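In what follows, a structure is listed as structure tokens, so that the remarks can point back to it.
Values in this document were obtained by computation on a predicted structure and should not be read as measured data. Lettering follows sequence order; numbering is per chain, from 1.
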Amino acid sequence: MLKFFDFLGSLVIRFIEESGRIMLLFIKTLMWTFRPPLNLKNIVRQMEEVGVNSIPVVLIMSIFTGMVLALQSYTGFRRFNAEAFVGTVVALSMVRELGPVLSGLMVSGRVGAAMAAELGTMQVTEQVDALYALATNPIKFLIVPRFLAALFVMPVLVILSDIIGIIGGYLVSVTLLGTNSTIYIKRTWDYMKLDDIYTGLLKACVFGIIIATISCYQGFNTRGGAEGVGKATTKAVVLSSLTILISNYFITAMMF
Amino acid sequence: MPNDGQQYIKPDSMIVVRDLYKSFGENHVLQGLNLEVTRGEDMVVIGGSGTGKSVLIKCIIGLIKPDKGTIFVDGEDMTSFNEAMLNEMRKKFGMLFQFGALFDSMPVWENVGFGLKQHTNLKDDDIRGIVTEKLNLVGLKGIEELMPSELSGGMKKRVSLARAIAMEPEILLYDEPTTGLDPIMADVINELIIQLREKLRVTSIAITHDMVSAYKIGDRIAMLYKGKIIEIGTPDEIRNSKNEIVQQFIQGKSEGPITRGE
């Protein structure tokens, strides 16, 4: 019994320690972000990696999500003759919730894993030490560009995702379910407020920060060769995905 | 002579390590280590694997913070430095890592020119010029555009050496410069280290367990054992040491005080 509490306690302590370290890294990253010079070349390269290269997956995910949303809400709404509101539901769900969350999860799987693996490999092959030895701060050189790229690119991805998701819903409703095109578009527009979009974009920024910070943290704290890199990568994806889902609830509740 | 013996640093001492302690959990790696390296000298630290040689040089360049003790670099106590001061101090250093530690996302020329790019206002063309010159110095030609993954082990070490000397440091640290190389390539690296000392007049610390290399490049050799320097002297003095531990190590015998755990 005592052993159980011992185990439970150490788990809690480890969790708090780890969160504290991630927070510290986040604060340090922020501090280095505002210290010149800005490494534009590296930021642009990371933006390409995080953003441009993520577009295909995000697009495919969004169009199918929009399509399935239209199908499902149509099935439900028909039962109480509210088919006309399919467009509204698709648009609100995409913009407020599914666009940011699903993009966040996609990016954490694609980009977070890559960040953790790359920085982890650099750590175990002493490349991070080499940066220090060359009088260059690795946080400034490696983390800040990834952090800024994720922060600025996530909202863009989410806007794309929103648009494509809404188009997906439109296509299914109009071509498959025979909804009137004009009514669908009107229903989509009329009930959407700017606030909905802002909430989604705020989420996108927060998710970007979460992905970059957690993945870079895992990469920097990699120990023990190839196995360590594998573990760091897994941890980066699992932790950032969970954190995205949890923080998503709280952001929604706050903006309610 | 100042009466505060602890703080007195001889003017010709480049690096002075005093009473250095470092533990990782229960593993007490350095236990009161003392070492003085004179300006322009090539100091070789020998010792078995896992005796803390790497920890020692990582402490000197500020990659690892010691638990106790002081390290004077060029007369200043670097253990009291903050991150910004450490960064400034590191510009005096060049370091050759055991496996090169080249940045594998950059071609050779960007690797070698990294310090110049970060810390000077030189244009890319000027940096390329310096890079070519440094690569020639380590005997490499025409590999500027290659990626590190396209290089052999020996070439990686030489590129890493070129990177270490690109900023013309005052102090060079070599982490196992010849480990993992064939005997001929190892000798090429040894020759390079000697040449660099003569051409650039740098102070250097090399850690190794390759005795051929230690005798060849060392002005003095220090033996690290159980967290302390147990013997220090010229290669000849070390070769004729009366200390059984030193003798076992330099002759590479499996029987002796080290393996008996004394």
Exam field: side chain A:Q127 to backbone B:D104, donor-acceptor pair closer than 3.5 Å: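 Judged by distance alone, yes, a pair lies under 3.5 Å.
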
Which of B:K91, B:R163, B:M167 touches chain A most, by non-hydrogen pairs under 4.5 Å: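 Maximum pair count with chain A is reached by B:R163.
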
Worked check of side chain to side chain contact (heavy atoms under 4.5 Å, CB included) between A:T136 and B:H119: CA-CA 9 Å; A:T136 304; B:H119 304 301; 3.8 Å; yes

Any chance [atom1] of [X] has more than 12 other-residue heavy atoms, nucleotides or ligands included, within less than 6.0 Å?
| X | atom1 | answer |
| --- | --- | --- |
| A:M23 | CE | no |
| A:R14 | CZ | no |
| B:N121 | CG | no |
| B:K156 | NZ | yes |
| B:E191 | CD | yes |
| A:K28 | NZ | no |
| B:F99 | CZ | no |
| A:Y198 | OH | no |

Proximity breakdown for A:R45 and chain B, heavy-atom pairs closer than 4.5 Å: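 Side chain only.
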
CG-CZ distance between A:N137 and B:R90, expressed to the nearest 0.5 angstrom: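 These two atoms lie 8.5 Å from each other.
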
Heavy-atom side-chain contact between B:K58 and A:D129 under 4.5 Å: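 Answer yes - side chains close enough.
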
Residue pair A:E126 / B:D175, side-chain heavy-atom distance below 4.5 Å: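 Answer yes - side chains close enough.
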
Stepwise side chain to side chain contact (heavy atoms under 4.5 Å, CB included) test for B:F103 and A:F141: CA-CA 12 Å; B:F103 304 126; A:F141 190 77; over 6 Å; no

Minimal non-hydrogen separation, A:A130 against B:A101, with atom names: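 Distance-wise, the nearest heavy atoms are CB-O, 3.8 Å.
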
Validation row, ring centre B:F93 to ring centre A:Y132 under 6.0 Å: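 No.
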
Proximity breakdown for B:L173 and chain A, heavy-atom pairs closer than 4.5 Å: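 When you check distances to chain A, no heavy atom of B:L173 falls under 4.5 Å.
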
Part of B:E83 within contact of chain A (heavy atom distance under 4.5 Å):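 Just the side chain, heavy atoms under 4.5 Å.
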
